[in-house]
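None of the values given here were measured: they were computed from a predicted structure.
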Amino acid sequence: MRELTGVFALSAIAITEPKKIVTARLGPRAVIGLGKDEYFVASDVPAILYHTRDLFFLADGDLAIITPNGVQLTDFDGKPIEREVQHVTWDPIM
């Protein structure tokens with residue numbers, strides 16, 4: 001991650017590990033949705049509200065590793081981070 005420059009919010013899946021999504025943020029918004037036995041990555045809340053209302057936002061310098069077992073958050077140096085899950089009560093029409 002340290003080799004990337006500029007601003008980005010990106011997600012990647014490797015062919016060799018198709019059940020793992022790695023998401024990173026430095027600048028643009030990125031949100032992780034927590035569903036029942038499923039996880040979502042989006043650039044904004046309305047994109048995932050149909051699927052879940054439990055989510056958290058990545059902060060600048062956050063890296064999320066998403067697997068079927070859960071979401072692990074670290075900074076770009078690999079140090080663990082804890083982020084509070086928020087429950088959204090509004091809907092996109094509001």
For this session: Please identify each residue that fulfils side-chain hydrogen bond (donor to acceptor under 3.5 Å, both in side chains) with Asp75, with sequence neighbours left out.
Result: none

Exercise. Among the clusters formed by ILVMFWY side chains lying less than 4.5 Å apart, do Ile21 and Tyr39 turn up in the same one?
Worked result: yes

Problem set entry | From CA spacing to verdict: side-chain contact (heavy atoms from CB on, under 4.5 Å), Thr74, Lys79 | CA-CA 5 Å; Thr74 70; Lys79 294 190 316 192; 5.9 Å; no

Seminar exercise, completed: Rounding to 0.5 Å, atoms CD1 (Ile32) and CZ (Arg25) come to a distance of 11.5 Å

Exercise. Between Ile66 and Phe40, is a side-chain contact (heavy atoms from CB on, under 4.5 Å) present by the stated rule, with each step listed?
Worked result: CA-CA 9 Å; Ile66 304 163; Phe40 304 90; over 6 Å; no

Exercise. Which value, rounded to the nearest 0.5 Å, describes the distance between Phe57 atom CZ and Gln86 atom CD?
Worked result: 5.5 Å

Exercise. Under a 4.5 Å side-chain heavy-atom rule over Ile, Leu, Val, Met, Phe, Trp and Tyr, are Val22 and Phe8 clustered together?
Worked result: yes

Exercise. Is any side-chain heavy atom of Phe76 closer than 4.5 Å to a side-chain heavy atom of Asp62?
Worked result: no

Problem set entry | ILVMFWY network linking Ile81 to Val71, side-chain heavy atoms under 4.5 angstrom | yes

Problem set entry | Main-chain N/O of Gly27 paired with Asp60 side-chain donor or acceptor, under 3.5 Å | yes

For this session: Calculate, to the nearest 0.5 Å, the distance between atoms CD and OG1 belonging to Glu17 and Thr67 respectively.
Result: 10.0 Å

Exercise. Which pair of non-hydrogen atoms, one from Pro28 and one from Ala9, has the smallest distance, and what is that distance?
Worked result: O-CB, 3.8 Å

Problem set entry | Within-4.5 Å side-chain heavy-atom neighbours: Leu73 and Pro80 | no

Problem set entry | Test item: Pro68 and Lys19 side chains (from C-beta on) under 4.5 Å apart, heavy atoms | yes

Seminar exercise, completed: Note: Glu38 and His51 closest approach over all heavy atoms is OE2-O, 4.5 Å

Exercise. Applying the 4.5 Å side-chain criterion to the ILVMFWY set and letting contacts propagate, would Val41 and Val85 be lumped into a single cluster?
Worked result: yes

Exercise. Who are the side-chain hydrogen bond (donor to acceptor under 3.5 Å, both in side chains) partners of Ser11, not counting sequence neighbours?
Worked result: Thr23

Exercise. Can you get from Ile13 to Ile65 by hopping between Ile, Leu, Val, Met, Phe, Trp and Tyr side chains that sit under 4.5 Å apart?
Worked result: no

Exercise. When rounded to the nearest 0.5 angstrom, what is the spacing between CG in Leu55 and CG in Leu34?
Worked result: 7.5 Å

For this session: Rounded to the nearest 0.5 Å, what's the gap from CD on Gln72 to CG on Leu63? Could you check?
Result: 8.5 Å

Problem set entry | Atom pair CD (Glu82) and CD (Glu84), whose distance is rounded to the nearest 0.5 Å | 10.5 Å

Exercise. Any side-chain heavy atom of Leu4 sitting closer than 4.5 Å to one from Leu26?
Worked result: no

For this session: Check Leu58, Ile48, Asp44 against Val31 for a side-chain contact (heavy atoms from CB on, under 4.5 Å) and give me the one that passes.
Result: Ile48

